[in-house]
**Q** 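Please see the structure below; I have some questions.
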Amino acid sequence: MSFPSADTGPQAAPGSSAAARVTLAMLCFVYVLNFLDRQLISILAKPIQDSLRISDGQLGLLTGFYFALFYCLIAIPIGWLADRTSRVAVLSVGCALWSAATAACGLAGSYMQLAAARMLVGVGEAGGVPPSYAIISDSFPRERRTTAMAIFNLGPPLGSALGVAFGASLAAAFNWRLPFYVIGAIGVVTALAVCLVVRAPSRRQQEGAPAPAAGFFATIAQFFGNPLLLTASLASGAGNFITYGLLNFTVLFLMREKGMTMGEVAIWYALVVGICMGAGIYASGRLVDRFAARSKAAYATIPAVSLLLALPFFLGFAWAPGWQLALLFLCVPMFLNSFFLSATVTFVQGEVPPERRVISGALLLLVMNLIGLGLGPTYVGMASDFFRPAYGPHALQMAYFALAPMYLIGAALFLFLARLIRRTERLHEGSLS
């Protein structure tokens with residue numbers, strides 16, 4: 001597939017309701033597959049561990065650092081390429097690649113083979129989310145953008161829920177390899193559909209006059225030289241540290257320490273993820289759109305409050321003696337933990353010109369996922385191995401307790417971001433008076 005010099009194929013003016021809704025629906029479905037593929041190893045952790053004989057620490061590296069290293073670093077040149085060529089084509093090729101690599105995970109006969117396939121999934125997924133962020137930002141006006149991002153960000157809860165329900169059911173009925181084959185095949189077909197369905201608005205139609213194109217390294221320097229963008233990235237990294245540290249071990253924790261079966265996971269945990277996490281992401285988009293109209297500080301204060309409210313319920317989840325009570329406690333963190341996601345993405349996309357939105361989204365994901373996806377699961381897995389000699393079968397519970405302080409760190413970073421935003425707004429108002 002060639003990469004033309006601009007988004008070609010079907011195009012629509014930004015704000016064109018029908019075209020924008022169809023585009024958003026397709027991008028959301030691709031994100032569902034993206035996250036489903038990403039989480040499948042975590043969902044099937046117990047049978048994979050039993051089959052390949054890998055430790056919690058190795059599992060943490062597999063679902064965290066090894067994946068994130070390729071996912072984040074490859075996203076930067078891909079983002080730069082997508083800003084100068086076709087965002088739709090980059091998304092389609094990325095979807096095909098990560099889907100084929102997902103199928104390859106099912107063929108793995110050793111830990112190293114699984115790690116190699118996992119890294120290739122990360123390479124493909126690097127071309128998924130950043131172009132989607134930019135297409136959505138170009139398709140919707142500013143006052144509806146956070147809600148649109150929230151709908152798009154339903155991909156993680158829906159992908160996780162479907163992965164749990166579909167993947168766990170297939171694994172329980174057949175074996176852990178079959179879900180990788182089936183979901184990989186669906187993704188390859190979806191990659192072809194992207195080229196036919198997704199409408200990318202011409203960037204010449206976007207808000208404001210286009211800024212002069214900056215070089216690759218100049219764009220990176222401009223991003224990290226902006227205190228607002230840097231702080232937003234670090235705060236999101238802390239939020240993602242919690243999200244991935246929790247999610248990548250939840251199924252293993254519920255089965256090994258709380259006594260759930262794979263069949264029970266496929267029903268009850270899938271419902272908690274799909275309903276609570278999905279409702280939280282959508283509610284956060286509506287809430288931020290409402291309050292950000294008064295002050296952009298809402299992009300930071302709302303995530304800060306959500307993390308503080310979620311902390312005691314997360315501790316209750318880790319403490320609960322049985323899986324029923326644990327899932328009840330888990331509903332609240334699942335609802336609140338991802339409030340930061342749509343808020344931060346929308347804030348960053350609004351702070352940069354349209355022609356730098358993909359690479360800016362990629363730079364946000366670089367920081368957010370190197371910290372969160374790269375270090376969160378790795379930290380929890382290694383903490384579990386560390387606590388195992390003293391706490392035996394409850395080592396993962398202690399690792400979750402060790403994760404709890406990150407809630408306070410994340411909230412503090414978002415409050416600092418809110419302070420920076422208010423100061424910037426005051427300076428802007430003073431320059432206009």
Side-chain angles (χ1 to χ4, degrees), residues 38-69 110-112 114-115 118 160 163-164 167-168 171 176 237-262 264-265 269 272-273 310-323 325-327 329-330 333-334 337 369-410:
R38 188 183 309 179
Q39 290 296 108
L40 202 52
I41 288 181
S42 301
I43 292 165
L44 302 175
K46 186 67 167 61
I48 291 174
Q49 276 193 327
D50 294 342
S51 175
L52 302 183
R53 299 185 179 182
I54 60 178
S55 68
D56 287 356
Q58 289 176 311
L59 183 66
L61 287 169
L62 195 64
T63 61
F65 182 75
Y66 291 159
F67 176 88
L69 182 64
S110 67
Y111 177 73
M112 292 309 299
L114 187 58
R118 181 69 172 171
S160 295
V164 172
W176 65 266
N240 244 13
F241 192 102
I242 297 164
T243 299
Y244 283 109
L246 170 62
L247 285 179
N248 284 23
F249 284 91
T250 302
V251 173
L252 183 62
F253 179 66
L254 289 171
M255 292 182 67
R256 194 167 70 193
E257 299 198 21
K258 304 301 181 183
M260 287 190 83
T261 65
M262 185 66 79
E264 289 168 339
V265 166
Y269 177 62
V272 169
V273 173
L311 175 57
F313 294 93
F314 170 75
L315 293 172
F317 160 71
W319 161 83
W323 68 263
L325 183 59
L327 281 184
F329 275 116
L330 184 61
M334 279 291 182
N337 276 0
N369 286 325
L370 273 180
I371 295 173
L373 179 56
L375 300 182
T378 304
Y379 170 79
V380 172
M382 289 185 170
S384 179
D385 284 352
F386 175 80
F387 287 120
R388 184 167 297 280
Y391 293 92
H394 299 293
L396 197 48
Q397 179 186 54
M398 296 306 299
Y400 273 154
F401 285 139
L403 177 64
M406 188 57 67
Y407 276 92
L408 301 177
I409 295 172

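Note that the structure is predicted; figures quoted are calculated from it, not measured.
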**Q** Minimum heavy-atom separation for Thr261 and Met255, please, with both atom names.
**A** C-CE, 4.4 Å
**Q** Hey, which of Phe253, Trp323, Phe249 is the one that makes ring-ring contact (aromatic ring centres under 6.0 Å, His included) with Phe317?
**A** Phe253
**Q** When you measure from the side chain of Thr243 to the backbone N and O of Gly239, does any donor-acceptor pair fall under 3.5 Å?
**A**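 At least one qualifying donor-acceptor pair exists.
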**Q** Which heavy atom in Ile242 sits nearest to a heavy atom in Leu403, and how many Å separate them?
**A** O-CD2, 4.1 Å
**Q** Nearest 0.5 angstrom please: Ser42 OG to Leu252 CG, how far?
**A**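 One gets 9.5 Å once the value is rounded to the nearest 0.5 Å.
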**Q** Taking the side chain as every heavy atom from C-beta outward, state whether Leu62 and Ile48 have any pair of such atoms under 4.5 Å apart.
**A** no
**Q** Would you say Asn248's side chain and Pro377's backbone share a donor-acceptor pair under 3.5 angstrom?
**A** no
**Q** Between Tyr244 (side chain only) and Thr378 (backbone N and O only), is there a donor and an acceptor less than 3.5 Å apart?
**A**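 Checking the backbone N and O of Thr378 against the side chain of Tyr244, no donor-acceptor pair under 3.5 Å is found.
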**Q** Evaluate side chain to side chain contact (heavy atoms under 4.5 Å, CB included) for Met334 paired with Leu247, printing each intermediate quantity in order.
**A** CA-CA 9 Å; Met334 279 291 182; Leu247 285 179; 3.3 Å; yes
**Q** For Ala326 and Leu254, which heavy atoms make the closest approach, and how far apart are they?
**A**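 Scanning both residues, the minimum pair turns out to be CB-CD2, 4.4 Å.
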**Q** My understanding is that only residues two or more places apart in sequence, or in another chain, count here; which of them pass salt bridge (Lys or Arg N to Asp or Glu O under 4.0 Å) with Lys46?
**A** Asp50
**Q** Using a 3.5 Å distance criterion without hydrogens, assess whether the side chain of Tyr379 forms a donor-acceptor pair with backbone atoms of Ala402.
**A**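 Confirmed, Tyr379 side chain pairs with Ala402 backbone.
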**Q** Check whether any side-chain N or O of Lys258 sits under 3.5 Å from a backbone N or O of Ala320 as a donor-acceptor pair, and report yes or no.
**A** yes
**Q** Give the intermediate values and the outcome of side chain to side chain contact (heavy atoms under 4.5 Å, CB included) for residues Ile409 and Phe241.
**A** CA-CA 11 Å; Ile409 295 172; Phe241 192 102; over 6 Å; no
**Q** With a 4.5 Å cut-off on side-chain heavy atoms, are Val380 and Leu246 touching?
**A** no
**Q** Do any N or O atoms from the side chain of Glu257 and from the backbone of Gln397 form a donor-acceptor pair under 3.5 angstrom?
**A** yes
**Q** Taking the six-membered ring for Trp, are Phe313 and Phe329 parallel (under 30°), tilted (30 to 60°) or perpendicular (over 60°)?
**A** tilted
**Q** For a quick test of reading the model, state the closest non-hydrogen atom pair linking Asp385 to Pro389 and the distance between them.
**A** O-CD, 3.5 Å
**Q** Identify the two heavy atoms, one from Ala399 and one from Ser384, that lie closest to each other, and give their separation to 0.1 Å.
**A**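 Scanning both residues, the minimum pair turns out to be CB-N, 3.7 Å.
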**Q** Does the side chain of Asp56 come under 3.5 Å of the side chain of Gln49 through a donor N or O and an acceptor N or O?
**A** yes
**Q** So do the side chains of Met112 and Leu52 get within less than 4.5 Å of each other, counting heavy atoms only?
**A** no
**Q** Do Ile371 and Asn240 touch side chain to side chain, with heavy atoms closer than 4.5 Å?
**A**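 Ile371 vs Asn240: side chains apart.
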**Q** CZ/Phe401 to CH2/Trp319 distance, rounded to the nearest 0.5 angstrom?
**A** 9.5 Å
**Q** Check whether any side-chain heavy atom of Leu330 sits under 4.5 Å from a side-chain heavy atom of Thr250, and report yes or no.
**A** yes
**Q** Does any N or O in the side chain of Arg388 come within less than 3.5 Å of the main-chain N or O of Ala395, such that one atom is a donor and the other an acceptor?
**A** no
**Q** Treating Tyr111 as the side-chain partner and Gln58 as the backbone partner, does any N or O pair qualify as donor plus acceptor under 3.5 Å?
**A** yes
**Q** Could you grab the distance from atom CG of Leu61 to atom CE of Met382, nearest 0.5 Å is fine?
**A**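 So the CG of Leu61 and the CE of Met382 are separated by 4.5 Å.
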**Q** If you draw a 6.0 Å radius around CZ in Phe386, do more than 12 non-hydrogen atoms from other residues or ligands fall strictly inside?
**A**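 Check fails, neighbour count at 12 or below.
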**Q** Is it the case that more than 12 heavy atoms not belonging to Tyr391 sit under 6.0 Å from its OH atom?
**A**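 At most 12 heavy atoms, drawn from other residues, nucleotides or ligands, come within 6.0 Å of this atom.
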